[in-house]
> 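Have a look at this one.
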Amino acid sequence: MRMNTTLVINSKGGSGKTTIATNLASYFAANGIPAALMDYDPQGSSLNWLQVRGQVGEKIYGANAAPQKGGRIRSVEMFIPANTQQLILDAPAGASGLLLQEILRRPDCIVVPVAPSAIDIHATAHFIRELLLVGKIRARSVRLAVVANRVRSSMPVYQPLERFLNSLGVPFLTRICDSDAYLTAAETGLGIFEMGESAATERQEFLPIAEWVAQRKPAPQDGNIIELTRPRWSPRSRPQPQFAAGPQSVSGQP
Ligand SMILES: Nc1ncnc2c1ncn2[C@@H]1O[C@H](COP(=O)(O)OP(=O)(O)O)[C@@H](O)[C@H]1O
Ligand SMILES: [Mg+2]
């Protein structure tokens with residue numbers, strides 16, 4: 001079976017790249033699908049998580065793709081086992097120029113996590129434009145989707161981003177809540193799909209990413225992006241978020 005490669009990227013640090021990359025890899029591993037994580041970040045957070053993981057959970061192969069000092073060749077560190085079916089690339093913050101071009105050569109699909117602040121949304125809109133231009137990902141049929149991460153119920157600043165993505169036909173997959181489960185997962189080398197009932201809500205929110213990556217479910221189509229300003233869960237099962245959103249400007253509308 002052909003390997004599917006997924007890049008998790010945003011120019012902003014702290015947007016949740018490593019969190020999404022590690023949980024995605026552990027989702028596949030937990031489902032018996034040979035998975036590997038390739039870490040392009042010199043901070044090596046994904047590889048650290050794999051080290052903590054050790055013998056816990058299903059094996060996930062780790063590869064180091066971070067630029068080496070002195071231009072050392074990375075080919076050995078970048079080895080991926082031939083039976084890998086899902087390869088997840090964890091990008092560094094601020095990748096640009098040649099490194100960005102190199103990273104963008106590999107993926108079949110790209111997931112962009114964005115934190116719900118006006119500054120992050122603004123920066124992400126610019127970054128997506130760069131991906132489309134520099135990466136020419138449309139011409140290469142690379143699939144691209146955005147995920148809202150660290151959403152708090154009082155923080156619904158999504159309308160401008162939704163409009164921006166809608167105009168580009170880029171789907172918005174899901175909103176991931178700000179949750180201690182992700183901190184526990186990071187500390188223990190596990191993923192939310194390998195944790196108990198305490199992470200059930202997180203799994204439900206995360207699943208659309210895994211399904212989109214595995215292409216089991218297509219993303220919402222152009223012009224039919226899920227409305228993130230409304231809760232996707234039943235108001236009876238979850239508290240009703242307090243939305244204060246007013247349109248905020250995302251510059252550079254297409
Ligand atoms: N949904 C979330 N809920 C709680 N903490 C999160 C969430 N997403 C990320 N974090 C935490 O925020 C910090 C930055 O996330 P990280 O995934 O490392 O971002 P990036 O790789 O983009 O720099 C980490 O400490 C991580 O555990
Ligand atoms: Mg990271």
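Whatever order the structure lists ligands and atoms in, that order sets their numbers, starting from 1. Note that this is a predicted model, so its numbers are computed, not measured.
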> Give the contacting part of Ser179 toward ligand 1: side chain, backbone, both or neither, where contact means a heavy-atom distance below 4.0 Å.
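The answer is the backbone.
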> Could you tell me whether any N, O or S atom belonging to Thr19 is less than 2.8 Å from the Mg ion (ligand 2)?
no
> Using heavy atoms and a 4.0 Å limit, tell me yes or no: is Ser45 in contact with ligand 1?
no
> Using only atom types and a distance under 3.5 Å, with no angle test, would you say the side chain of Glu194 pairs donor to acceptor with the backbone of Gly191?
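Indeed, once roles are kept as given, a pair shorter than 3.5 Å links the two residues.
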> Taking the side chain from Asp120 and the backbone from Pro116, do they hold a donor-acceptor pair closer than 3.5 Å?
no
> Which pair of non-hydrogen atoms, one from Ser46 and one from Thr18, has the smallest distance, and what is that distance?
OG-CG2, 3.7 Å
> How far is atom 18 (O) of ligand 1 from the closest protein heavy atom, and which atom is that?
Thr18 CB, 3.9 Å
> Has the side chain of Lys17 got a donor or acceptor atom that lies under 3.5 Å from a matching backbone atom of Lys12?
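Checked: pair present.
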> List every atom of ligand 1 that sits less than 4.0 Å from any heavy atom of Asp178, numbering the atoms from 1 in the order shown and giving each element.
3 (N)
> Looking at Asn64 and Leu47, would you say the former's side chain and the latter's main chain have a donor-acceptor pair under 3.5 Å?
no
> Looking only at protein heavy atoms, identify the closest one to atom 8 (N) of ligand 1 and say how far it is in Å.
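Going by distance alone, atom 8 (N) of ligand 1 is nearest to Asn149 ND2, 3.0 Å.
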> Considering only protein heavy atoms, which is closest to atom 14 (C) of ligand 1, and at what distance to one decimal place?
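Atom 14 (C) of ligand 1 sits closest to the protein heavy atom Gly14 CA, 3.9 Å.
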> Mind checking whether Cys177 has an N or O less than 3.5 Å away from an N or O of ligand 1?
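Yes; at least one N/O pair falls below 3.5 Å.
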> I want to know if ligand 1 touches Thr19 in the polar sense, i.e. an N/O pair below 3.5 angstrom.
yes
> If we ignore hydrogens and angles and just use 3.5 Å, is the side chain of Arg138 paired with the main-chain N or O of Leu132 as donor and acceptor?
no
> Please work out whether any backbone atom (N, CA, C, O) or any side-chain heavy atom from C-beta onward of Asn10 is under 4.0 Å from ligand 1, and answer side chain, backbone, both or neither.
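Neither part.
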> Can you find an N or O of Lys12 that's nearer than 3.5 Å to an N or O of ligand 1?
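Among all N and O atoms of Lys12, none is under 3.5 Å from an N or O of ligand 1.
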> Give the atoms of ligand 1, by number and element, whose distance to some non-hydrogen atom of Ile176 is under 4.0 Å.
1 (N)
> Parallel, tilted or perpendicular: which describes the rings of Phe206 and Tyr182, with under 30° parallel and over 60° perpendicular?
tilted
> Less than 3.5 Å between some nitrogen or oxygen of Asp90 and one of ligand 1, yes or no?
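No, Asp90 has no N/O under 3.5 Å of an N/O on ligand 1.
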> With a 4.0 Å cut-off on N to O distance, would you call Arg2 and Asp108 a salt bridge?
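Asp108 and Arg2: salt-bridged.
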> So for Gly16, does at least one of its heavy atoms come nearer than 4.0 angstrom to any atom of ligand 1?
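Yes, Gly16 has heavy atoms under 4.0 Å from ligand 1.
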> Could you find the nearest protein heavy atom to atom 7 (C) of ligand 1 and give me its residue, atom name and distance?
Arg150 CG, 3.5 Å
> When you look for heavy atoms under 4.0 Å from ligand 1, do you find them on the side chain of Leu183, its backbone, both, or neither?
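It is the side chain that gets close, since no backbone atom is under 4.0 Å.
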> Using a 4.5 Å cut-off on heavy atoms from C-beta on, say whether the side chain of Met38 contacts that of Thr5.
no
> Between ligand 1 and Tyr182, is the shortest N or O to N or O distance under 3.5 Å?
no
> Might you work through the side chain to side chain contact (heavy atoms under 4.5 Å, CB included) test for Glu187 and Val52, ending with a clear yes or no?
CA-CA 8 Å; Glu187 279 165 15; Val52 175; over 6 Å; no
> Testing the 3.5 Å rule here: is there a donor-acceptor pair between the side chains of Thr124 and Asn10?
yes
